[in-house]
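Numbered from 1 within each chain, the chains take letters A, B, ... in sequence-line order.
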Protein chains: 2
Amino acid sequence: MARWEPNAAERLAHAALELFAERGYENTTVIDIAQRAGLGKSTFFRHFQDKREVLFGGGTMNALLAEAIAAAPATAGPLEAVAHALDAAGGEVFTPARREFIARRQAVIAANPELQEREALKNLALIASMADALKRRGVADLTARVAAELGALASTIAFERWSRTAAEDDFSEIARQALDEVRASTAFC
Amino acid sequence: MARWEPNAAERLAHAALELFAERGYENTTVIDIAQRAGLGKSTFFRHFQDKREVLFGGGTMNALLAEAIAAAPATAGPLEAVAHALDAAGGEVFTPARREFIARRQAVIAANPELQEREALKNLALIASMADALKRRGVADLTARVAAELGALASTIAFERWSRTAAEDDFSEIARQALDEVRASTAFC
DNA sequence: TACGGTGATGGAACCAAGTCCCATCACTCG
DNA sequence: CGAGTGATGGGACTTGGTTCCATCACCGTA
């Protein structure tokens with residue numbers, strides 16, 4: 001079924017992360033990445049829209065969260081539905097097996113403003129996606145936006161904690177805890 | 001005091017907005033911008049870090065909001081302090097005189113993902129700046145982050161409404177109203 | 001076995017963003 | 001009037017990103 005070496009995109013993403021970690025994002029050329037993956041520059045841009053995107057390619061995250069929100073029990077309030085989504089993220093994306101990889105990726109992003117910009121935009125899209133999913137459940141517009149925003153904040157906080165854990169803690173549990181703390185904090189505002 | 005034609009940065013920003021509105025961001029070259037301002041490419045990059053930054057240059061916003069939060073009455077809670085900051089923004093930045101200009105700028109940004117990325121990052125910095133200012137008032141870390149996030153959301157909503165108003169409504173009032181609505185919405189989460 | 005179709009690839013030519021470096025020019029001060 | 005200062009102009013260069021075309025590996029079919 002597979003021609004040539006398969007998984008070109010995956011190989012490129014892997015090579016890119018390696019090189020970024022070794023020499024930094026700025027000191028790595030697209031040609032460098034392609035060469036390490038045994039490919040050419042053209043092929044790189046056939047698989048990724050631009051150099052940044054090679055770190056953000058696996059993005060089915062939006063759909064995953066939206067579906068999880070849609071699938072939450074009808075009795076669940078907005079934040080409960082969001083909690084459902086974070087649960088799903090813990091089960092499918094932020095798994096113990098990927099923790100190391102994701103943490104290294106995050107370190108690379110943290111070291112480069114260009115990548116932070118891309119991440120910020122992806123995060124906005126994620127929030128919009130969650131808010132839309134909530135509205136489709138009949139949640140009022142503004143409430144949906146607030147809930148999505150609070151969910152994103154909880155997710156960020158949970159991610160910070162989870163990626164620092166040495167133990168193989170479950171992201172879902174950490175996220176639920178973070179979301180509870182965030183919800184409690186709104187009372188003090 | 002002034003040599004040559006003064007206000008090079010201002011002239012460049014003005015020329016850039018004109019050209020972006022005329023032909024779009026992507027179809028405008030840095031050289032085009034510089035030429036319309038009567039300057040050279042080198043001079044453009046001497047005044048702005050990159051092509052995107054020409055639309056975000058006037059950014060003393062962070063300091064403005066942080067100072068307004070610091071200056072809020074000691075009795076004010078986190079969200080009241082944030083409201084104070086939005087008030088200041090309405091008085092210094094989102095003034096009736098600049099409404100038209102800012103709205104056109106926003107239209108250009110809305111039409112281009114590259115510019116949206118930059119804006120998203122600036123917005124993150126703004127939130128961090130507000131959260132820091134709140135912490136310096138003794139607000140608990142998490143509460144500060146939540147309040148800053150809610151403030152940013154209120155600001156975004158207020159801006160959407162303000163830039164669409166034909167009348168010369170006061171941003172501060174709209175923002176206060178939006179913040180109240182956001183606060184109320186947290187109860188339904 | 002031979003042949004054409006398909007899809008992934010490689011590479012060259014090209015444009016624009018951004019950097020570096022140096023010459024130049026306008027103005028100021030002694 | 002001459003030296004210093006700071007903004008400018010422009011050219012050479014690297015890299016990101018696009019476009020186009022030739023190539024190559026595999027597949028199905030005759």
Closest to the [X] side chain: [options]?
X      : options                   : value
R46(B) : dG17(D), dC21(C), dG10(C) : dC21(C)
T43(B) : dG10(C), dG10(D), dT8(D)  : dT8(D)
K51(A) : dG10(D), dG17(D), dA17(C) : dG17(D)
A8(A)  : dG10(D), dG16(D), dT9(C)  : dT9(C)

To the nearest Å, how far apart are [X] [atom1] and [N] [atom2]?
X      : N       : atom1 : atom2 : result
I33(B) : dA17(C) : CD1   : P     : 8 Å
L39(A) : dT9(C)  : CG    : P     : 6 Å
D50(B) : dG17(D) : CG    : P     : 13 Å
N7(A)  : dA8(C)  : CG    : P     : 13 Å
F44(B) : dA16(C) : CZ    : C1'   : 13 Å
F45(B) : dT8(D)  : CZ    : P     : 15 Å
F48(B) : dT8(D)  : CZ    : P     : 11 Å
L12(A) : dA8(C)  : CG    : C1'   : 13 Å

If every non-hydrogen atom of [X] is compared with every non-hydrogen atom of [Y], which pair is closest and at what distance?
X       : Y       : result
A144(A) : A131(A) : CB-O, 3.7 Å
G91(B)  : S172(B) : N-OG, 4.2 Å
A8(A)   : H47(A)  : CB-NE2, 3.5 Å

Tell me whether [X] contacts the main-chain N or O of [Y] through its side chain, where contact means a donor paired with an acceptor under 3.5 Å.
X       : Y       : result
R137(B) : A72(B)  : yes
T156(A) : A152(A) : yes
Q116(B) : A110(B) : yes

Residue-level proximity of residues 19-31 of chain A to DNA chain D when a heavy atom falls under 4.0 Å: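 Heavy-atom contacts with DNA chain D come from T28(A), T29(A), V30(A).
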Sorted by number, the residues of residues 109-122 of chain A with heavy-atom contact under 4.0 Å to DNA chain D: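 Under 4.0 Å from DNA chain D: no residue of residues 109-122 of chain A.
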Quiz item: cation-pi between K51(A) and Y25(A), 6.0 Å / 45°: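 The answer is yes, since K51(A) meets both limits relative to Y25(A).
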Cation over ring face, R105(A) and F56(A), 6.0 Å, 45°: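 Ring-cation test returns yes.
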OP1 or OP2 of dA7(D) under 4.0 Å from side-chain N/O of R11(B):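 Result: no.
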Closest-nucleotide ordering on DNA chain D, the 5'-leading residue of G40(B) and R52(A): G40(B)
Residue whose closest nucleotide on DNA chain C lies nearer the 5' end, K41(A) versus H47(A):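 Nearest nucleotide further toward 5': that of H47(A).
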Validation row: F20(B), I33(B) side chains within 4.5 angstrom (heavy atoms): yes
Check: E173(B)/Q177(B) side-chain N/O donor and acceptor closer than 3.5 Å: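 Side chains of E173(B) and Q177(B): no pair found under 3.5 Å.
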